[in-house]
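Notes follow the structure.
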Amino acid sequence: MTTRVLRSVHSGDGFHWVGDGFYVTQLLPGSPSLQELADPFLLMDYHPVKEYSPTQRARGVGPHPHRGFETVTLAFEGAIAHHDSTGAGGVIYPGDCQWMTAAGGILHKEYHEAEWAKRGGRFHMMQLWVNLPGRHKMDEPGYQALTAESMGKVKLPGGGTVTLIAGELDGERGPAHTFTPIEVWDIQLAADETADLTVTDGHTVMVFVIDGSLTTESGTVGHEQLGIFDREGDTVRLTAPETGARAILLGGQPIGENVIFYGPFAMNTEAEIIQAVRDFNAGLFGTLA
Ligand code: MN
């Protein structure tokens with residue numbers, strides 16, 4: 001067993017609105033060196049707990065395109081609705097995950113689910129953009145609605161639980177189909193519990209703390225901070241404080257390809273970005289009212 005060393009800890013860049021429904025802090029992409037460390041994750045927007053007053057309005061983001069990656073939305077509180085140009089759509093509630101493969105191109109809209117919005121309440125979520133390798137960037141788009149009941153569950157020997165959305169731990173698997181090996185785990189630890197999590201040597205491993213904090217032998221990851229581990233080692237050891245802790249672990253095999261990021265597109269080359277803009281302007285991403 002080789003325990004991973006915590007390499008760096010990152011905070012968000014302050015808060016901004018995405019449309020009028022998502023009040024987020026951005027942890028990724030950040031600097032070019034951070035982008036390399038986070039590979040295969042391109043972007044991470046975190047929406048902390050926030051109270052919304054009741055409204056008849058559709059709060060959110062209207063139709064917009066994506067190409068070259070997947071958008072993964074985790075709902076912790078509230079309800080998020082989605083519709084896209086393939087005709088797919090759905091609502092995710094606490095514990096659910098919306099795993100949308102934009103790949104060759106999709107239009108979608110994302111907003112607070114209407115019935116939930118009429119009541120208002122606490123809203124809490126996270127969105128990740130997961131890169132696709134060049135050979136899959138132009139695949140057909142897809143949509144996976146992953147419900148809380150379908151998630152893998154692991155009870156840790158030292159106490160605590162891990163809910164698996166993607167990836168494998170201790171013989172259990174998350175339901176997400178991924179193009180490259182990806183781990184998205186929701187880790188919950190009670191007071192002073194320590195977890196030894198088996199990870200794949202060479203994979204990127206990061207933890208984002210949404211409750212409490214997490215201590216490692218090489219430093220602490222505070223509330224709403226992203227800790228990134230060195231890629232060597234097969235175990236991540238995390239200890240919760242007396243308040244307990246909850247964190248999202250993001251891991252995966254680095255894709256290691258050039259990334260050109262332009263707005264809602266992430267491709268390997270500038271020529272592919274120019275093509276994406278042309279294709280979008282030519283209406284090739286489909287239609288969505
Ligand atoms: Mn989007």
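Counting convention: from 1, in listed order, for ligands and their atoms alike.
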Original post:
Using 30° and 60° as the class limits, which term best fits the ring planes of Y111 and H83: parallel, tilted or perpendicular?
Top reply: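 Rings of Y111 and H83: parallel, as their planes differ by under 30°.
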
Original post:
Relative to each other, are the rings of F123 and W116 parallel, tilted or perpendicular (30° and 60° limits)?
Top reply: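 Answer is tilted, since the angle falls between 30° and 60°.
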
Subject >> At the Mn ion (ligand 1): angle between H64 atom NE2 and H66 atom NE2, to 10 degrees >> reply: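 With the Mn ion (ligand 1) as the vertex, the angle is close to 100°.
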
Original post:
NE2/H108 to OH/Y143 distance, rounded to the nearest 0.5 angstrom?
Top reply: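 Answer rounded to 0.5 Å: 10.5 Å.
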
Would you give me the side-chain donor-acceptor pairs under 3.5 Å for residues 254-261, sequence neighbours excluded?
from : atom 1 : to   : atom 2 : distance (Å)
E257 : OE1    : G134 : N      : 2.8
E257 : OE1    : N268 : ND2    : 3.0
E257 : OE2    : G134 : N      : 3.4
N258 : ND2    : N268 : O      : 2.9

Original post:
Closest to the Mn ion (ligand 1), which N/O/S atom of H108 is it?
Top reply: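 It is NE2 of H108.
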
Original post:
Which N/O/S atom belongs to E110 and is the closest one to the Mn ion (ligand 1)?
Top reply: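 In E110, the N, O or S atom with the shortest distance to the Mn ion (ligand 1) is OE2.
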
